[in-house]
Amino acid sequence: MANSAALLHSLPSTASTPRLRHRAPSAGLFCRRRQTLAARPMATAALADASAPPGLNEGIAGLYDESSGLWESIWGEHMHHGFYDAGQAADMSDHRRAQIRMVEEALAFAAVPDDPANKPKMIVDVGCGIGGSSRYLANKYGAQCRGITLSPVQAERGNALAAAQGLSDKASFQVADALDQPFPDGQFDLVWSMESGEHMPNKKKFVGELARVAAPGAPIIIVTWCHRNLAPSEDSLKPDELNLLKKICDAYYLPDWCSPNDYVKIAESLSLEDIKTSDWSENVAPFWPAVIQSALTWKGFTSLLRSGWKTIKGALVMPLMIQGYKKGLIKFTIITCRKPQAAIEGEETPIASPA
């Protein structure tokens, strides 16, 4: 899945670039406040209690089975965007460092503590890819990390890399559905989802599962692709916007999109606290030219052809992603919140000990 699901997971680059049982830029910051958030017809299925459309999970797994090795061979183990200063051109050699910065910016935005007494000890990485974030977090905090993905290839590779890096006792990966996680309630004191939410057909169930496995007081971090918030006078995106998103969905195995405001509504409905969002679209912009450039090199082109049809479809849709960003339709968004310290519905589950 996409912890993973970087915008062009599928492309290589040669650049050095209800029930809860179960220092980032300030611009664009949306702090929790009472207001009425516009609904969107397209998002109804994504926000309702719906199961995955037939073939969706299989398509997602196939996409990442097919493309993950190619991505790793060029871009490395972090299968997500990099974070750059807004409006600043990035040197091609900076892109892998920018992927690490993305992780650090997300942690800072969520105010995840790093002092010995309060730092995370049990972390779940939902949509872990090949485990780049998990292993980084395990090293940073000395924590136990559990990653889940729909892709057997990704899970196997993640475990192999953990062994090679001497982290088998801290980071492990398995095939599992983010909407039905194989973990007990309240197990993790950091819940992490880096670019996987866009693949979730039921956003409310997705956030509900993140909250279920979070320990009381634990931060929840979601970095994902959204469509723009609707204006007060709108009850839907425009027809041309819906058409553009549909073409992207067909290529990347994405269900209906939702807005940052939709995520806020969901978090509020689950009684989560400290809800805030920010639009980081400008901060990921330099990542796109690097991916375009990689696809135009001989190595990139031939690797793309060998990778398979799913990856090729992703490459062909890339101009539409760029168009969506330029139109202000697509928003690269971080949403963070916290599970209440007080138990909900009698839940008093301590953080589980590592298996």
Side-chain angles (χ1 to χ4, degrees), residues 1-17 23-30 67 71 74-110 125 127 129 132-133 136 192-199 221-229 244-245 248 251-252 254 257-260 263 276-295 314-315 317-336:
M1 205 174 286
N3 127 275
S4 290
L7 232 40
L8 287 180
H9 242 72
S10 24
L11 283 177
S13 166
T14 55
S16 309
T17 62
R23 213 179 53 138
S26 59
L29 175 64
F30 175 90
S67 62
W71 177 274
I74 303 300
W75 284 80
E77 62 184 318
H78 287 275
M79 303 183 70
H80 56 77
H81 283 73
F83 187 102
Y84 311 85
D85 293 328
Q88 180 177 342
D91 184 88
M92 295 300 289
S93 64
D94 290 341
H95 290 295
R96 291 193 184 185
R97 184 164 60 244
Q99 290 173 307
I100 299 297
R101 183 180 174 188
M102 174 64 76
V103 175
E104 289 292 345
E105 292 285 347
L107 294 170
F109 187 84
D125 184 353
S133 291
Y136 181 84
W192 177 271
S193 172
M194 175 64 70
E195 296 189 59
S196 63
E198 54 272 15
H199 282 302
I221 299 174
I222 303 168
V223 181
T224 189
W225 316 349
C226 293
H227 69 64
R228 65 175 177 82
N229 288 324
L244 189 152
L245 291 183
I248 294 170
Y252 290 140
L254 305 178
W257 295 46
C258 68
S259 70
Y263 270 108
K276 58 182 180 177
T277 77
S278 189
D279 177 4
W280 285 0
S281 300
E282 290 187 14
N283 299 101
V284 301
F287 208 66
W288 289 86
V291 179
I292 295 173
Q293 181 179 343
S294 73
V317 169
M318 180 176 168
L320 298 183
M321 290 293 300
I322 297 173
Q323 181 183 344
Y325 272 105
K326 288 183 175 180
K327 289 166 62 74
L329 169 62
I330 297 174
K331 300 293 184 180
F332 189 92
T333 304
I334 181 169
I335 307 102
T336 64

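Side chains are part of it too, since the values below use all heavy atoms of this structure and drop only hydrogens, waters and symmetry mates. Quantities reported herein were computed from a predicted structural model and do not represent experimental measurements.
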Engineer: Looking at Lys326, I'd like to know if its NZ atom is crowded, meaning that more than 12 non-hydrogen atoms belonging to other residues, nucleotides or ligands lie closer than 6.0 Å.
Structural biologist: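 For Lys326, atom NZ is not crowded (no more than 12 foreign heavy atoms under 6.0 Å).
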
Engineer: When rounded to the nearest 0.5 angstrom, what is the spacing between CD1 in Ile248 and CE in Met321?
Structural biologist: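 Taking CD1 in Ile248 and CE in Met321, the distance rounds to 5.0 Å.
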
Engineer: Roughly how far, to the nearest 0.5 Å, is CZ of Arg101 from CG of Asp85?
Structural biologist: 4.5 Å

Engineer: Are His78 and Arg96 close enough that some pair of their side-chain heavy atoms sits under 4.5 Å apart?
Structural biologist: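 No - every pair of side-chain heavy atoms lies 4.5 Å or more apart.
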
Engineer: Once you round to the nearest 0.5 Å, how far does CG of Asn229 lie from SG of Cys258?
Structural biologist: 10.0 Å

Engineer: Is there a donor-acceptor contact under 3.5 Å from the side chain of Ser281 to the main chain of Phe332?
Structural biologist: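 Confirmed, Ser281 side chain pairs with Phe332 backbone.
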
Engineer: To the nearest 0.5 Å, what is the distance between SG (Cys226) and CD1 (Ile334)?
Structural biologist: 11.5 Å

Engineer: Please find the pair of heavy atoms, one from Gly82 and one from Val284, that lie closest to each other, and give the distance.
Structural biologist: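 For Gly82 and Val284, the tightest heavy-atom pair comes out as O-CG1, 3.6 Å.
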
Engineer: In sequence, state the C-alpha distance, the side-chain angles, and the governing distance for Val223 and His80, and then conclude on side-chain contact (heavy atoms from CB on, under 4.5 Å).
Structural biologist: CA-CA 10 Å; Val223 181; His80 56 77; over 6 Å; no

Engineer: Atom OG1 in Thr277, atom CZ in Phe109: separation rounded to 0.5 Å?
Structural biologist: 6.5 Å

Engineer: Does any N or O in the side chain of Thr333 come within less than 3.5 Å of the main-chain N or O of Lys331, such that one atom is a donor and the other an acceptor?
Structural biologist: yes

Engineer: With the side chain counted from C-beta on, respond yes when His227 and Leu245 share a heavy-atom pair under 4.5 Å apart, and no when they do not.
Structural biologist: yes

Engineer: Is any side-chain heavy atom of Phe83 closer than 4.5 Å to one of Glu104?
Structural biologist: no

Engineer: What closest approach, in Å, do Thr336 and Ala110 show between heavy atoms, and which atom pair accounts for it?
Structural biologist: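 Scanning both residues completely, I find the closest heavy atoms to be CG2-CB, 3.8 Å.
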
Engineer: Carefully, step by step, assess Glu105 and Trp280 under the rule side-chain contact (heavy atoms from CB on, under 4.5 Å).
Structural biologist: CA-CA 10 Å; Glu105 292 285 347; Trp280 285 0; 3.8 Å; yes

Engineer: Supply the atom-to-atom distance Ile330 CD1 to Asp279 CG, rounded to the nearest 0.5 angstrom.
Structural biologist: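 That separation rounds to 11.5 Å.
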
Engineer: Is a side-chain N or O of Asn283 found less than 3.5 angstrom from the main chain of Tyr84, in a donor-acceptor match?
Structural biologist: yes

Engineer: Backbone N or O of Glu198 within a donor-acceptor pair of the Thr224 side chain at under 3.5 Å?
Structural biologist: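 Such a contact is found between Thr224 side chain and Glu198 backbone.
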
